[in-house]
Amino acid sequence: MKDFLKFTFASVIGVILAGVVFTILGIITLVGIVASSDTETVVKDNSIFVLDFKGSLSERVQENPLQQLLGEEFEAYGLDDILASIKKAKDNDKIKGIYIQPSYLEASYASLEEIRNALLDFKESGKFIIAYADQYAQKMYYLSSVADKIIINPQGSIGWHGAGMQPVFFKNLVSKLGLEIQVFRVGTYKSAVEPFIATEMSPANREQMTECLESVWNRIQADVSDSRHIPTDTLNAYADRYMDFCQAEEYVQCGLADTLMYKDEVISYLKQLSGRDEDDKLNSLFIEDMINVKKNVPKDKSGNVIAVYYAYGEILDAPGSSTEDCIDVQKMCKGLRKLRDNDDVKAVVLRVNSPGGSAYGSDQIWREVVRLKEKKPVIVSMGDYAASGGYYISCAADRIFADPTTLTGSIGIFGMMYSGEKLFTETLGLNFDVVKTNKMADLGASLGPILTRPLNASEQELMQNYVNRGYKLFVSRCAEGRKMSTEAIEKVAEGRVWTGAMAKDLGLVDELGGIDKALNAAATQAGIENYSIIGYPEKENIFASLLGNQKKHYVNSEIKEYLGSYYNSFKALENIKNANCIQARMPFDPNIQ
């Protein structure tokens with residue numbers, strides 16, 4: 001018995017000591033990761049900046065120090081980091097060129113166009129850009145077409161087949177769950193509710209999606225045509241042939257690629273271009289390295305600041321436990337008020353990448369933009385989309401910039417109420433009763449986001465009138481901000497979505513261009529030449545990030561990897577529980593493939 005207790009005690013002590021040791025080692029490892037993430041990158045002579053994409057693209061990303069520990073292969077890239085890295089690579093004499101290795105990147109064409117334009121600017125330095133892939137997905141080919149030389153594996157392929165969108169419809173799923181959805185909307189084209197009440201697109205929705213898709217595809221062809229010197233008619237004919245399954249030699253023959261090489265041959269070629277010997281290793285810099293490369297410009301000492309406020313994701317009044325990829329209305333309003341009161345901030349660029357969301361929340365942000373504009377210039381730079389609520393929060397700006405493939409407009413609102421009477425009574429066996437003092441006192445009685453009964457005729461009329469008033473308010477905000485008549489706005493409203501190129505012709509956008517053009521316009525309007533650019537809201541420091549939502553970030557990253565382009569549809573369903581019933585949201589998920 002004594003031996004048993006002795007061995008048990010020794011085992012317990014051993015486990016405790018092992019736990020202490022592993023804890024200390026873990027802390028040391030994390031401290032090392034944090035320290036290395038803040039260490040300035042030293043650029044060696046004859047270096048190459050490698051754009052090795054394998055993941056998803058967002059406007060900004062929170063640094064994830066656990067990524068290497070958790071073994072995440074599906075990375076999240078920040079557009080801001082990529083654009084800044086390309087600019088630093090252009091200005092650094094030790095970096096000889098850029099090597100694009102486009103494995104996979106979940107991104108919209110507007111963001112890819114901004115990266116592409118940054119690469120075009122990089123080429124003005126006289127440095128080289130080389131692209132190589134085993135298989136080029138169409139979006140990755142669009143990005144890579146800017147390269148001086150496009151190389152493909154002898155057994156590889158290039159995706160070139162045209163653009164398409166495939167919305168997901170949930171009507172039958174909702175019916176099987178025993179839910180009834182009551183819809184209130186204004187606008188022929190306000191079709192955000194269609195996935196829940198139909199199994200196919202309405203004629204109006206099909207019309208607007210077709211025109212937007214054709215506008216985007218025309219832009220893609222024009223850009224590729226300029227870079228590859230292939231007429232757009234020929235490119236369109238190639239797309240009709242579905243080039244994805246051609247032999248690699250045919251891509252070279254038709255001009256989509258320049259040469260065939262295996263990966264080892266590409267490495268040797270890059271060594272030659274960068275001035276390295278065959279036996280030397282490539283001096284490669286990746287995005288995570290470039291983030292910590294020092295800018296090759298003197299530090300601005302003017303004290304002037306142009307703030308870039310990033311507003312991306314769905315607009316939610318109450319985003320719940322995670323604010324990742326969504327706009328927290330209260331947080332953004334508070335942030336804009338701080339910028340208004342900060343005398344060092346001479347102008348604000350509002351970077352909007354949002355499909356909209358809460359109509360109420362959009363109006364609160366609109367109000368803060370109006371107040372901010374009273375004290376300093378406000379310039380909007382639209383990303384992949386700035387539609388419905390995303391346009392609502394943009395329309396008051398002094399000037400609006402959009403990429404040609406940005407999806408914007410969608411001026412309209414709608415309401416949806418979820419009734420679970422059949423679900424509760426027939427499936428779950430729940431029954432409800434009520435006592436009330438007035439005939440509508442129980443309107444909105446629910447379990448979570450689901451009403452216990454559908455709205456009656458009087459209640460439906462009440463809701464529709466509420467939505468009608470919201471639509472008129474939205475139209476008036478746009479008319480005031482764009483200095484147009486309400487009649488002119490109503491002609492381009494009705495919930496209809498436009499591309500940036502189309503919106504410029506309609507007066508909803510002032511100029512086509514990315515965030516750099518918006519920054520130049522902000523400086524000009526503020527009357528300043530020297531300034532620093534600071535991004536808001538401030539990113540969490542690494543320790544706060546470690547103690548915060550790293551687990552949720554990791555889970556979201558895994559879901560994104562497996563769902564791919566359907567992730568946005570998943571998020572829309574997930575956000576139902578936090579969403580306001582009255583929405584200013586674009587009418588479809590812009591998953592253009």
Side-chain angles (χ1 to χ4, degrees), residues 49-61 64 67-68 70-83 85-86 98-116 118-119 129-147 150-153 155-166 216 220 223-224 242-246 248 251 256-257 261-263 266 284 286-290 325 353 383-384 405 553-571 589-593:
F49 175 28
V50 181
L51 284 172
D52 184 15
F53 293 124
K54 187 187 294 182
S56 63
L57 183 68
S58 299
E59 283 292 327
R60 303 171 88 197
V61 294
N64 181 13
Q67 182 170 304
Q68 55 187 288
L70 295 175
E72 281 193 66
E73 295 183 1
F74 189 84
E75 297 187 31
Y77 305 97
L79 178 62
D80 59 336
D81 290 332
I82 293 173
L83 298 180
S85 296
I86 293 172
I98 289 178
Y99 170 43
I100 305 173
Q101 190 170 264
S103 299
Y104 171 78
L105 187 64
E106 181 59 40
S108 296
Y109 279 108
S111 289
L112 294 176
E113 187 174 7
E114 294 222 22
I115 298 174
R116 200 176 182 281
L119 291 171
I129 299 179
I130 302 298
Y132 167 81
D134 298 317
Q135 288 90 28
Y136 289 90
Q138 183 169 272
K139 286 183 177 180
M140 291 295 91
Y141 180 76
Y142 170 68
L143 177 63
S144 302
S145 64
V146 74
I150 295 179
I151 306 171
I152 186 173
N153 188 285
Q155 304 303 319
S157 64
I158 291 176
W160 190 255
H161 48 257
M165 286 188 285
Q166 188 177 34
V216 171
I220 294 167
D223 287 344
V224 174
Y242 200 91
M243 300 294 290
D244 303 47
F245 297 148
C246 292
Y251 300 121
L256 292 177
M261 288 186 185
Y262 284 100
K263 182 66 173 289
V266 175
S284 301
F286 297 87
I287 293 173
E288 56 268 27
D289 303 312
M290 291 299 300
D325 294 334
N353 197 339
D384 298 324
T405 54
H553 171 85
Y554 179 73
V555 171
N556 282 338
S557 176
E558 292 298 303
I559 293 173
K560 281 183 180 180
E561 179 177 4
Y562 286 106
L563 292 182
S565 60
Y566 295 106
Y567 176 75
N568 288 335
S569 296
F570 166 78
K571 287 292 291 183
D589 176 31
N591 58 336
I592 300 176
Q593 299 300 314

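Contact detail for G78 and L57: the closest heavy-atom pair is C-CD1, 4.2 Å. N353 and S111 get closest at one heavy-atom pair: ND2-OG, 4.5 Å. Minimum interatomic distance between Y104 and M140 (heavy atoms only, all atoms of both residues): C-SD, 4.5 Å. Minimum interatomic distance between D52 and Y77 (heavy atoms only, all atoms of both residues): O-OH, 3.1 Å. Contact between D134 and I152 at its shortest, heavy atoms only, is O-CG1, 4.2 Å. Pairing each heavy atom of S56 with each of L105, the nearest pair is C-CD1, 4.0 Å.
Listed for the Y141 side chain is a donor-acceptor partner under 3.5 Å among the backbone atoms of L256. Judged by distance alone, with hydrogens and angles left aside, the side-chain atoms of K139 form no donor-acceptor pair with the main-chain N or O of E106 at under 3.5 Å. Of the possible polar contacts, none joining the N153 side chain to the A133 backbone as a donor-acceptor pair under 3.5 Å is found.
Of the inter-residue distances, the one linking Q155 atom CD with S157 atom OG reads 10.5 Å to the nearest 0.5 angstrom. Note that OG of S85 is 9.5 Å distant from CD of E288, once rounded to the nearest 0.5 Å.
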Test log, rule side chain to side chain contact (heavy atoms under 4.5 Å, CB included), inputs I151 and I130: CA-CA 8 Å; I151 306 171; I130 302 298; 3.7 Å; yes

D80 and R60: CA distance, side-chain angles, deciding distance, side chain to side chain contact (heavy atoms under 4.5 Å, CB included) verdict: CA-CA 6 Å; D80 59 336; R60 303 171 88 197; 3.5 Å; yes

Side chain to side chain contact (heavy atoms under 4.5 Å, CB included) evaluation trace for Y136 with S144: CA-CA 9 Å; Y136 289 90; S144 302; 3.7 Å; yes

Check against side chain to side chain contact (heavy atoms under 4.5 Å, CB included), L51 and L119: CA-CA 11 Å; L51 284 172; L119 291 171; 4.1 Å; yes

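A147 pairs by the side-chain contact (heavy atoms from CB on, under 4.5 Å) definition with I129, A131, I150, not counting sequence neighbours. Under the salt bridge (Lys or Arg N to Asp or Glu O under 4.0 Å) criterion, E59 pairs with R351, sequence neighbours left out.
Side-chain contact check for L143 versus Y109: every heavy-atom pair is 4.5 Å or farther apart. The shortest side-chain heavy-atom distance between S145 and V224 falls under the 4.5 Å cut-off. At least one side-chain heavy atom of I86 sits under 4.5 Å from a side-chain heavy atom of I115. S284 places none of its side-chain heavy atoms less than 4.5 Å from the side chain of Y99. Residues Q138 and H161 are in side-chain contact: their nearest non-hydrogen atoms beyond the backbone lie under 4.5 Å apart.
For the residue pair T405/E113, the side-chain donor-acceptor check at 3.5 Å is satisfied. Using modelled atom types, one finds a donor on one side chain and an acceptor on the other under 3.5 Å when comparing D223 with Y142.
At least one cation-pi condition fails for K263 and Y132: the charged atom is not both under 6.0 angstrom from the six-membered ring centre and inside a 45 degree cone around its axis.
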